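Report on the structure given below.
To find a chain, count down the sequence lines: A is the first, B the second, and so on, and within it residues start at 1. Just so you know, these numbers come straight off a predicted model, no measurement behind them.
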Number of protein chains: 2
Amino acid sequence: MSNEKGPDHSRRKERSRQAILAAARALVTEETYEKVTVEAIAARAGVGKQTIYRRWPSKSAVVFAALLALSEDADGQSVTLPDTGDLQADLKLVMRATVEEFADPSFDKLIRALNTEIANDAALAAEYREKLARPLDEAKKARLRSAQKAGQLALDADLDLALEMLYAPLFQSWLHRSRPLTAAYADSLVDATLRAFGPGTGARSAH
Amino acid sequence: MSNEKGPDHSRRKERSRQAILAAARALVTEETYEKVTVEAIAARAGVGKQTIYRRWPSKSAVVFAALLALSEDADGQSVTLPDTGDLQADLKLVMRATVEEFADPSFDKLIRALNTEIANDAALAAEYREKLARPLDEAKKARLRSAQKAGQLALDADLDLALEMLYAPLFQSWLHRSRPLTAAYADSLVDATLRAFGPGTGARSAH
DNA sequence: AAAACGAAACGAGACGAGCCGTATTGAAGT
DNA sequence: ACTTCAATACGGCTCGTCTCGTTTCGTTTT
């Protein structure tokens, strides 16, 4: 697509692109999302405003791209959950790690900003699901399928529903600050979810 | 409290107060939250901007107050859930009703606005929990306690956790638009929650 | 009782500041 | 040379403050 004839300007573009995303990320972690301005991002990145508007259509898009890029780096290629053969132990490990992530103030501000954007913009929400949520969910579901084969989870369990019941309460408690996020809470969620979807629970219907 | 000597202007205050809150509510349901301006609220209410700023410190506070007032009216005094003696049926009724509420575009916009505010302001979040979330949760917990007495729920079930696992997935699915909200989905949540917290599940620990 | 008074609350809108997104220009990179 | 860039000016919009003249309504005077 960019195999044109002219001189190669991709290095400049890439450098300023990285600077913009880094500046956006830094500002979101420092201030609350509403206070982050395009002008501040440009100033911090040592970049003209027009350079930002050349690439992204709005402030939301820039910030969203910054958050996307963040986790694309972090993920590397493949996301895999631990699989020691003990589903309950593995899930508690993961859930406790998630609890600790939410305790980090920078992570907290970042995810709040991300949620503010996707809650009010259906298009961004779709992109978020596609690029961030889905890969993670697939990794989690892979672990659950492995547990089904090992007889630790009902064969007819609705894995999407199980994941929701595992994660949504944690997410909501954090979003609304309605209770402290502790390791014990993480464990309780795992225990309750396994009671609902464990082997022999007849997960499809309780009649 | 207000047993001063001076003349009583409370009638004027109350009239303009109601007009402001009604205008704020109307605008939030018509536009998206970001597009609602204080000036628009003032114009719609037939009120000067200063009258708004005399009472509330910021735009967020006005809109939040408007949403609070809305449900204070709706609630009347006491919130009670149906109790036919069949917990599963009663919960499905309530969850299906909740699903339908979220399908209403006005309600959708309203709750998205409310969530945008409380997600980014810890003080508003606390007020929200105190005045809106808690009374509803207490009503739901009352129904669950009744079910415990009827032997339809484990006696040592963590009721707060059960409520979260029932409602948080619905809330998150709606917030992120990650799946269609159907009656079948509502039923699945009830079924799964009852499998986790039903009688004889040893709800406190699964060891 | 009727009229005049005065304090509080009010509607309207001007104002400065900040931000958004666009347009222009001259410098720097390749 | 040709492109991309930083810097900056700009119009438009919103916020929250401030001022000004008006309306409301209990009190006081007649």
Using the test side-chain contact (heavy atoms from CB on, under 4.5 Å), find all partners of B:R96 that sit at least two apart in sequence or belong to another chain.
B:A183, B:A186, B:D187
Residues that B:A139 engages under side-chain contact (heavy atoms from CB on, under 4.5 Å), provided they are two or more places apart
B:V79, B:L81
Which residues satisfy the side-chain hydrogen bond (donor to acceptor under 3.5 Å, both in side chains) test with [X], sequence neighbours excluded?
{"X": "A:D90", "answer": "A:T84, A:R143"}
{"X": "A:E31", "answer": "none"}
{"X": "B:E127", "answer": "B:K131"}

Distance-only donor-acceptor test, B:Q50 side-chain atoms vs C:dC10 base atoms, 3.5 Å:
no
Rounded to the nearest angstrom, tell me the gap between atom [atom1] in [X] and atom [atom2] in [N].
{"X": "B:I52", "N": "D:dC18", "atom1": "CD1", "atom2": "P", "value": "17 Å"}
{"X": "B:R54", "N": "D:dG16", "atom1": "CZ", "atom2": "C1'", "value": "14 Å"}
{"X": "A:R44", "N": "C:dC19", "atom1": "CZ", "atom2": "P", "value": "14 Å"}
{"X": "A:E34", "N": "D:dG16", "atom1": "CD", "atom2": "P", "value": "12 Å"}
{"X": "B:R15", "N": "C:dG11", "atom1": "CZ", "atom2": "C1'", "value": "13 Å"}

Under 4.0 Å, counting only non-hydrogen atoms across every strand here, what does B:R55 touch: a base, just sugar-phosphate, or nothing?
sugar-phosphate
Residues pairing under ring pair (Phe, Tyr, Trp, His ring centres under 6.0 Å) where one sits in residues 13-56 of chain B, two or more places apart or in two chains, turn out to be none
Can you list every ring pair (Phe, Tyr, Trp, His ring centres under 6.0 Å) pair that touches residues 97-145 of chain A, not counting sequence neighbours?
A:F102-A:F107, A:F102-A:W174, A:Y128-B:H176
What one-letter contact string describes nucleotides 10-15 of chain D from 5' to 3', where B marks a base within less than 4.0 Å of any protein heavy atom, S marks contact via sugar-phosphate atoms alone, and - marks no contact?
----SB
Tell me whether the side-chain N/O atoms of A:S16 come closer than 4.0 Å to OP1 or OP2 in D:dC5.
yes
N/O (side chain, A:T51) to phosphate O (OP1/OP2, D:dA6) under 4.0 Å
yes
Salt bridge present between B:K59 and B:E117 (N-O < 4.0 angstrom)
no
Strand contacts (DNA chain D) in residues 109-123 of chain A, 4.0 angstrom heavy-atom criterion:
none
Donor on one side chain, acceptor on other, A:T32 and A:E34, under 3.5 Å:
yes
